[in-house]
Each structure stands twice: as structure tokens, then as C-alpha cells.
Amino acid sequence: MKKLRKETLCVQAGYEPKNGEPRIVPIIQGSTFKYDSSEEMGKLFDMEKSGYFYSRIQNPTCDNVAAKICALEGGSAAILTSSGQTATFFSIFNICGCGDHVIVSSMIYGGTYNLFHMTMGRMGVEFTFLDPDCSEEELDAAFRPNTKAVFGESVSNPALVVLDIEKFAKAAHKHGVPLIVDNSFPTPLNCRPFEWGADIVVHSTSKYMDGHDSTIGGCVIDSGNFNWEKHADKYPSLTTPDPSYHGVVYTKHFGQEGAYISKMTAQIMRDLGAVQSPMNAYILNLGLESLAVRIERHCSNAMKVANFMKDHDKISWVNYPGLEDNKYSKLVKKYMPDGTCGVISFGVKGGRKGAEEFMRHLNVSMICTHAADAHSIILHPASSTHRQLNDEELVASGVTPDLIRICVGIENVNDIIEDIDQALAYI
Ligand SMILES: *Cc1c(COP(=O)(O)O)cnc(C)c1O
């Protein structure tokens with residue numbers, strides 16, 4: 001499969017039917033799997049043989065779909081999770097516990113911020129949030145002896161900040177810790193973090209990967225490149241016997257390429273059970289089959305919409321990383337030369353009132369909090385998700401009262417533009 005191009009991997013990777021078997025990934029909805037003898041089953045529990053016994057731990061449908069995403073990212077192993085939030089949580093919790101520290105780009109999804117700052121904070125994991133545009137020196141200075149990972153988003157939701165992946169990877173590796181990148185917005189079609197030094201990638205598959213607003217899900221992918229044994233003192237849960245699994249040492253038993261995901265499966269997923277259902281994995285796979293075609297259209301549509309907005313007298317500013325004059329244009333050319341994503345943020349004249357008027361008159365773009373869907377969706381945070389904040393508080397949180405986010409869909413772009421144009425006339 002390695003030699004095939006990304007468009008082909010979208011359709012074909014992860015599942016190879018044998019003679020007479022279904023062409024598409026079958027939905028193995030079962031909770032459990034039958035064995036001829038206790039001895040046979042015992043071999044699975046001893047990890048002498050690989051196989052399925054209970055779908056809370058592993059399921060063939062989910063594994064097929066995870067393998068497709070793994071191939072797209074160019075990783076060594078992957079696991080599906082119940083949501084993007086779970087993927088992020090597992091990616092950190094697999095190697096961090098109480099008393100550990102993680103460095104995080106401050107430009108991340110709000111849900112991820114809450115997960116880290118509030119929920120994982122209560123578990124005793126400490127986080128330092130750092131401006132991703134910081135200097136190498138500032139980044140370097142944020143490391144502590146108990147730092148176990150660095151985390152950032154390749155293209156951040158909703159600020160659309162592009163991460164300098166190499167800068168972050170270099171700093172992480174200098175201090176002997178892995179870089180974890182949330183790659184949900186550009187997807188592996190547009191950006192492959194492993195090629196720039198990231199060690200682990202997470203996805204909210206609820207976004208472009210599913211792409212049809214049909215199923216919540218997540219995925220964690222390991223590059224297999226991080227040498228846990230070399231930094232064994234930092235990662236004892238991977239490099240010393242696991243008493244909850246017959247004393248298995250994950251790096252010894254599964255090697256550098258398999259240790260991280262095997263441990264996540266055998267221990268974290270076993271204990272927390274945040275699995276993706278086989279039915280949802282099947283739906284996700286349908287989305288993945290057309291991902292390459294959709295992403296191309298999302299990006300070309302968004303570029304046209306952004307260019308239209310740039311010249312409109314009712315629009316005061318446009319933030320789209322694909323635009324030539326964008327602050328991150330240089331990083332875009334380096335890390336995602338084929339395109340970024342379909343998400344644009346912009347401000348309308350007339351502030352909060354102007355934005356509310358504009359939103360009232362849209363017919364093609366739908367008002368939703370979701371992002372990255374075939375259908376164009378649009379959100380005015382100041383009057384919806386952020387409505388409890390006053391204007392000063394909004395500005396402080398990086399969401400100005402006039403800010404609107406549109407996730408440009410794959411409809412005919414002229415319909416999207418004409419709809420925006422007529423709604424702007426009401427301001
Ligand atoms: C939506 C999102 C998440 C959370 O994913 P869910 O599937 O909603 O749990 C994480 N990261 C980014 C960048 C997102 O956009």
C-alpha cells in the first residue's frame with residue numbers, strides 16, 4: 001500500500017478483501033468473538049497472538065478504518081476513538097500522569113483548552129500555553145524536567161493560525177519528548193505532520209474526514225519515530241512492566257513502532273472504553289473514500305469566497321491562510337502547498353449589529369456550530385457560542401464582536417458567493 005498516492009489510499013487503504021468477500025469494509029457489529037478452546041483465547045490475553053475478543057478493546061471494522069487513516073498520515077499504528085476529544089485526551093494521557101507537564105500552543109480548539117486546563121488539570125497534569133509564534137528561545141525556556149509532550153494544531157480552530165511544525169518538533173526532540181499535532185483542519189491530504197518531525201497525530205474525524213455531519217469520531221496515529229527506550233526514565237509506562245497486563249513491556253513486546261498505540265489499546269482503551277462504534281467507523285469510511293475530492297473542492301471554493309470578501313466594501317477584514325497576504329502565507333507554502341482547508345473568518349462593517357443583520361438573511365449557508373462539512377455552515381460567535389461575553393471580554397478572547405466564521409462547503413461556489421453578497425446588502 002505504501003507506494004500508492006493519497007487519492008488512491010483514501011479509497012483503498014486499510015482493507016483488502018479476499019476472494020469472494022465484500023468490496024467495502026464490513027460492519028462487524030459484534031461485541032465478542034468465539035474461540036474453539038480456552039487455550040486459543042488465552043494466547044490472545046497473553047499477547048502471544050493477535051486477534052479479537054471484545055469490541056471495547058479492538059474491533060475489525062474500526063481497525064480497518066484506522067489503518068486507512070494511518071496509511072494517509074504515513075504512520076506505523078493507529079486507533080479510532082469515540083470523538084476527537086477522546087483522541088486528544090488519550091494522546092496525552094497515554095504518556096502523562098499526575099505531576100507531569102505539557103507545553104501547548106495557545107491557539108487551539110476551545111474544547112481542547114478546557115480538556116487540558118480544567119479536566120486534566122484536576123488530574124494533576126500541568127499545561128503551559130504558549131503563543132505558537134513565539135521565538136525558539138521562548139519555546140526552549142518553557143521546558144521543565146517533568147515535561148512529557150508538546151501539543152499544537154497544524155491549522156488552529158477557530159483562529160486559523162498555522163503551526164511551525166519543524167520549530168516545535170526541533171524543540172521537543174531537543175528535550176527528549178514527542179510532538180503531538182492535531183491535524184483535523186488540513187487533513188493528511190493537505191498536510192502530513194510526520195514529514196516535518198511530528199511524532200503523533202490526532203484527528204477529530206467528525207470534521208472533514210467524515211465530512212457529512214453524520215458521525216462523531218477521533219483517531220490517534222503514531223509515526224513510530226519516537227525512541228521511547230532512549231528516554232526510558234520519562235516514559236516508564238511504556239518501557240517497564242505493566243502490572244495490569246501480565247507484566248508486558250510495551251516497547252519490548254511491540255517495538256518502537258507499535259508500543260504507543262498497543263499500550264493505548266491494551267490499557268487506556270480497556271479501562272476507559274471510549275471506542276468508536278463499528279457502525280460509525282463504517283460511516284466514517286464512506287467519508288474517507290471521497291475525502292481527496294472533497295478537500296480539493298473545499299479549498300478551491302474557500303479561496304474564491306475569500307477573494308470575493310477581500311474586495312467587498314461591507315467586509316472589514318478577511319482571515320484565510322490560503323490568501324497571499326495572510327500572516328502565515330510562508331508557513332502555508334512550506335507545510336500545505338496544495339491548500340489549507342475550507343474555513344474562513346471575517347469581520348463585517350457595523351460590528352455586532354451588522355453581523356447579526358447579515359446572519360439573518362443567509363439562505364445557502366446554514367447557521368451551525370459544527371465545522372468542515374459538505375454543506376456550507378456559518379457562525380457568529382458573539383451572538384451564539386460566546387453570547388455571555390461582553391465586547392471587551394470578546395476581544396480579550398480573540399473573538400471580536402464582528403467576527404463570523406464560515407466553513408465553505410462543496411456546493412457551487414457562485415451560489416455561496418451570491419448568497420453572501422445579498423445578505424451583506426442588509427448591513
Ligand atoms: C472539533 C475539534 C476537536 C474535537 O473533536 P470532536 O470530534 O468534536 O470531539 C478537536 N480538535 C479540533 C481542531 C476540532 O476542530
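Along the sequence shown, residues are numbered consecutively beginning with 1. Model, not experiment: these values are computed from the prediction. Remember, it's 1-based here, ligands and their atoms both numbered in the order they're listed.
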Element-labelled atoms of ligand 1 that are located less than 4.0 Å from some non-hydrogen atom of Gly84: 5 (O), 6 (P), 7 (O), 9 (O)

Within a 6.0 Å radius of atom NZ on Lys170, are there more than 12 heavy atoms belonging to other residues, nucleotides or ligands? no

Check this for me - ligand 1, Glu153, N or O atoms closer than 3.5 angstrom, yes or no? no

Protein contact of atom 12 (C) of ligand 1 - nearest heavy atom, named by residue and atom, plus distance: Asp182 OD2, 3.4 Å

Any idea which protein heavy atom is nearest atom 7 (O) of ligand 1, and the distance to it? Ser206 OG, 2.6 Å

Please state which protein non-hydrogen atom is closest to atom 9 (O) of ligand 1 and give its distance, to 0.1 Å? Gln85 N, 2.9 Å

Residue list, ring-ring contact (aromatic ring centres under 6.0 Å, His included) with Tyr113, at least two apart or on another chain: His117, Phe129

Note the single closest protein heavy atom to atom 1 (C) of ligand 1, along with its residue, its atom name and the distance in Å. Lys207 NZ, 1.4 Å

Could you check whether any side-chain N or O of Asp131 sits under 3.5 Å from a backbone N or O of Ser105, counting only pairs where one atom can act as donor and the other as acceptor? no

Any N or O on Thr112 sitting closer than 3.5 Å to an N or O of ligand 1? no

The criterion is salt bridge (charged side-chain N to carboxylate O under 4.0 Å, His left out); which residues satisfy it with Asp391, sequence neighbours excluded? Arg352

Parallel, tilted or perpendicular: rings of Tyr52 and Phe33 (30°, 60°): tilted

Element-labelled atoms of ligand 1 that are located less than 4.0 Å from some non-hydrogen atom of Gly217: 7 (O)

Please confirm whether Phe185 comes within less than 3.5 Å of ligand 1 when only nitrogen or oxygen atoms on both sides are compared. no

Check: Asn64 side chain, Pro60 main-chain N or O, donor-acceptor pair, under 3.5 Å: yes

Could you check whether the rings of Tyr235 and Trp228 sit parallel, tilted or perpendicular, using 30° and 60° as the cut-offs? perpendicular

